[in-house]
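Here's the structure, in structure tokens; my notes come after.
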Amino acid sequence: MQTAKRGACKGCGPEYQVNDEYIQRVLSHPMFSSEHCVPEEVYQQRLAICQACPKLQDGISCSVCGCIIPVAAKLKARGCPLPGGGLWGTADAE
Ligand code: SF4
């Protein structure tokens, strides 16, 4: 039986670990250079907030919503899933 790392996703093994190469490949899609995305300054603010959050796993995944943060934080329509409006959200995307 495979033992999941404490706090790691229960559904995926280490062979599915997201890495920088995967993230860069996703972000190279034209969708991530479009009107659907936040300005670079907002993106960096969102990443900084997540980096300081105890819900971030392995510096990449949000343990609340399961999102890959370097990808999700690019999108205007996304927001932090924490109750009460989250730590960042769609309001900062305009
Ligand atoms: S999206 Fe919100 S809950 Fe998830 S890691 Fe970022 S700040 Fe934390």
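One is the number of the first residue; the rest follow in order along the sequence. We count ligands from 1, going down the list as the structure has it; atoms in each ligand are counted the same way.
Listed by number with element, the atoms of ligand 1 under 4.0 Å from a non-hydrogen atom of Pro81 are 1 (S), 2 (Fe).
The NZ atom of Lys74 lies 9.0 Å from the CZ atom of Phe32; values are rounded to the nearest 0.5 Å. Distance check, rounded to the nearest 0.5 Å: CD of Gln44 to CD of Gln51 gives 10.0 Å. With rounding to the nearest 0.5 angstrom, the CG atom of Leu47 is 8.5 Å from the CH2 atom of Trp88.
Shown here is Glu21, whose CD atom has no more than 12 heavy atoms of other residues, nucleotides or ligands within 6.0 Å. The environment of OH in Tyr22 is sparse: at most 12 heavy-atom neighbours from other residues, nucleotides or ligands sit within 6.0 Å.
Residues satisfying the salt bridge (Lys or Arg N to Asp or Glu O under 4.0 Å) test with Glu41, not counting sequence neighbours, are none.
Excluding waters, the protein N/O/S atoms found under 2.8 Å from atom 6 (Fe) of ligand 1 are Cys50 SG.
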